[in-house]
Q: 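Pasting a structure here, questions to come.
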Amino acid sequence: WTAVIFMIIAGINFGLHYIAWSKRRLLHYFYDSEVKAYFFILLTVFALTFLTLGIYLEDPGTSLIQESAFQVVSIATTTGFLTANYSSWPLFIPILLLLTAFIGACAGSTGGGIKVVRTLVLAKQSAGEITKLIHPNAVISIKLGKKAVSPRVAESVWGFFSIYVIVFIIIFMVLLAQGNDFITSFSAVGATLNNLGPGLGEVSNNYQSLSDYSKLSLCMAMLLGRLEIFTLLVLFTPAFWRK
């Protein structure tokens, strides 16, 4: 439980920690829309995991709440610690947890993934586009809390997401070409690109069984994920090396 608490803390924006610490006010956490969405995701995924395990496991055991909470928080914050073989749980749970790792933790935290704030912007802009279809003349602005998000920021988020999906598909296809099965390839790319660690299938315990080419591809995925993709890709653009 101590590890769960500190994983949750490490998944929050450290700039927010500094503000709360310097001003001695914990209310700053509750004013931040990203933190509220972060806790909502954690609680929702925990509830779904706990209920699914309680329904489908013949002998859930007394530590079901603890096991569910630890695995959910660890994977959602891309910490990567495991206290149970979650790949042996009903398939709904491993896939749910892996998809949660794609969202990751808050921006400015130690976690990987797309980040909660980007996911919020994507969701709000998508909802806005649906509203525009119903009301073509409506002027809709994206807001995080009380602050409006500029169109330039929204464009950069969509650009990041597009590059993220393209990189994921390319590395995923490379792993499939090496003879790895779908679950192994999908989870391995997701786990490395999001800096999670444990995957599913052949990589639920370790990555030893993968070929050298697959491991090199996943090394690239880990670098891209840790450096937020753009930072590494910009090194390969000719414009970066021109004066």
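Since we're looking at a predicted model, the values are computed, not measured.
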Q: Do L43 and L53 sit in one hydrophobic cluster, given that two such residues count as connected whenever their side-chain heavy atoms are within less than 4.5 Å of each other, even indirectly?
A: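 As far as the 4.5 Å side-chain criterion goes, L53 and L43 are not connected within one cluster.
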Q: Are the side chains of T77 and I8 in contact, using a 4.5 Å heavy-atom criterion?
A: no
Q: Can you tell me how far apart CZ (F160) and NZ (K115) are? Round to the nearest 0.5 Å.
A: 7.0 Å
Q: Is any side-chain heavy atom of I5 less than 4.5 Å from a side-chain heavy atom of I9?
A: yes
Q: Would you check, one step at a time, whether the test side chain to side chain contact (heavy atoms under 4.5 Å, CB included) holds for T100 with I75?
A: CA-CA 7 Å; T100 307; I75 294 175; 5.6 Å; no
Q: Any chance the side chains of T83 and E67 put a donor and an acceptor closer than 3.5 Å?
A: yes
Q: Looking at OG of S204 and CG of N85, how far apart are the two atoms once the value is rounded to the nearest 0.5 Å?
A: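 That separation rounds to 5.5 Å.
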Q: Are any of the side-chain heavy atoms of F46 and I65 separated by less than 4.5 Å?
A: yes
Q: Drop me the distance from H17's NE2 to C106's SG, to the nearest 0.5 angstrom.
A: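 Spacing of NE2 (H17) from SG (C106) equals 8.5 Å.
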Q: Rounded to the nearest 0.5 Å, what separation is found between the CH2 atom of W89 and the OG atom of S87?
A: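 Here the rounded value is 10.0 Å.
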Q: Quick one: does I95's side chain get under 4.5 Å of L200's, heavy atoms only?
A: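 Sidechains of L200 and I95: in contact.
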Q: Of the non-hydrogen atoms in Y38 and V116, which two are nearest, and what is the gap between them?
A: N-CG1, 4.0 Å
Q: Crowded around Y207 OH? As in, over 12 foreign heavy atoms under 6.0 Å?
A: yes
Q: The test is side chain to side chain contact (heavy atoms under 4.5 Å, CB included); show your working for F30 and V35 and say whether it passes.
A: CA-CA 7 Å; F30 300 99; V35 173; over 6 Å; no
Q: Do S74 side-chain atoms and Q71 backbone N/O form a donor-acceptor pair below 3.5 Å?
A: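 Flag not set: sc S74 to bb Q71 has no pair under 3.5 Å.
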Q: Considering only heavy atoms from C-beta outward, does the side chain of Q178 approach that of L210 to under 4.5 Å?
A: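 No; the side chains remain at least 4.5 Å from each other.
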Q: Please test F70 against Y86 for ring pair (Phe, Tyr, Trp, His ring centres under 6.0 Å), starting from the C-alpha separation and ending with a verdict.
A: CA-CA 11 Å; F70 190 92; Y86 81 113; over 10 Å; no
Q: Can you confirm whether F6 is buried at CZ, in the sense that more than 12 heavy atoms of other residues, nucleotides or ligands lie under 6.0 Å from that atom?
A: no
Q: Taking N180 for the side chain and L176 for the main chain, is one N or O donor matched with an acceptor at less than 3.5 Å?
A: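 No, the answer is negative, given that no donor and acceptor are paired below the 3.5 Å cut-off.
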Q: Between T192 and I171, does a side chain to side chain contact (heavy atoms under 4.5 Å, CB included) hold up when you go through it step by step?
A: CA-CA 11 Å; T192 52; I171 301 177; 6.0 Å; no
Q: What are the two closest heavy atoms between A76 and L42, and how far apart are they?
A: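 What the structure gives for the nearest pair is CB-CD2, 3.5 Å.
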Q: Do you reckon I170 sits in the same ILVMFWY cluster as Y213, going by side-chain contacts under 4.5 Å, direct or chained?
A: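 Hydrophobic grouping puts I170 apart from Y213.
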Q: Determine whether I103 and I114 satisfy the following criterion, side chain to side chain contact (heavy atoms under 4.5 Å, CB included), listing intermediate values before the conclusion.
A: CA-CA 5 Å; I103 298 175; I114 296 173; 5.9 Å; no
Q: With a 4.5 Å cut-off on side-chain heavy atoms, are V72 and F50 touching?
A: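 No, too far: nothing below the 4.5 Å cut-off.
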Q: When rounded to the nearest 0.5 angstrom, what distance separates CG in L196 from OG1 in T78?
A: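 Reported value, rounded in 0.5 Å steps: 6.5 Å.
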Q: Measure the shortest side-chain to side-chain distance between Y18 and N13 over non-hydrogen atoms and say whether it is less than 4.5 angstrom.
A: no
Q: Determine the minimum heavy-atom distance between Y56 and P90, stating which atoms define it.
A: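 Nearest pair, atom of Y56 first, then P90: CB-CG, 3.8 Å.
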Q: Look at the side-chain heavy atoms of Ile, Leu, Val, Met, Phe, Trp and Tyr, link any pair under 4.5 Å apart, and say whether L223 and Y164 land in one connected group.
A: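 In one cluster: yes.
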Q: Taking the inter-plane angle between the rings of F102 and F186 on a 0 to 90° scale, is it parallel (under 30°), tilted (30 to 60°) or perpendicular (over 60°)?
A: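 Judged by the thresholds at 30° and 60°, the geometry between F102 and F186 is tilted.
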Q: Tell me if the centroids of the rings in F168 and F161 come within less than 6.0 Å of each other.
A: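 Here the rings of F161 and F168 have centres that are no less than 6.0 Å from each other.
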Q: Could you tell me which non-hydrogen atom of F14 sits nearest to which non-hydrogen atom of S109, and how far apart they are?
A: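 Residues F14 and S109, closest heavy atoms: CD1-CA, 4.0 Å.
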Q: Using the rule that Ile, Leu, Val, Met, Phe, Trp and Tyr join whenever any side-chain heavy atoms are under 4.5 Å apart, tell me whether M222 and V167 fall into a single cluster.
A: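 In one cluster with M222: V167, no.
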Q: Restricting to non-hydrogen atoms, name the atom on K215 and the atom on Q208 that form the minimum distance, rounded to 0.1 Å.
A: NZ-O, 3.4 Å
Q: CZ of F40: more than 12 outside heavy atoms within 6.0 angstrom?
A: no
Q: Check whether T44 reaches the backbone of I41 with its side chain - one donor and one acceptor, N or O, closer than 3.5 Å.
A: no
Q: Would you say the side-chain atoms of S211 and S214 include a donor-acceptor pair closer than 3.5 Å?
A: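 S214 and S211 do have a side-chain donor-acceptor pair below 3.5 Å.
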Q: If you look at every heavy atom in D181 and E202, which pair is closest and at what distance?
A: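 Where D181 meets E202 most closely, the heavy atoms are OD2-CG, 4.0 Å.
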Q: Would you give the length of the straight line joining atom CD1 of I169 to atom CE of M173, rounded to the nearest 0.5 angstrom?
A: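 Rounded to the nearest 0.5 Å, the CD1-CE separation comes to 9.0 Å.
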Q: Is the closest side-chain heavy-atom distance between S126 and I130 below 4.5 Å?
A: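 Not touching, per the 4.5 Å side-chain cut-off.
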Q: Using the rule that Ile, Leu, Val, Met, Phe, Trp and Tyr join whenever any side-chain heavy atoms are under 4.5 Å apart, tell me whether V165 and L193 fall into a single cluster.
A: yes
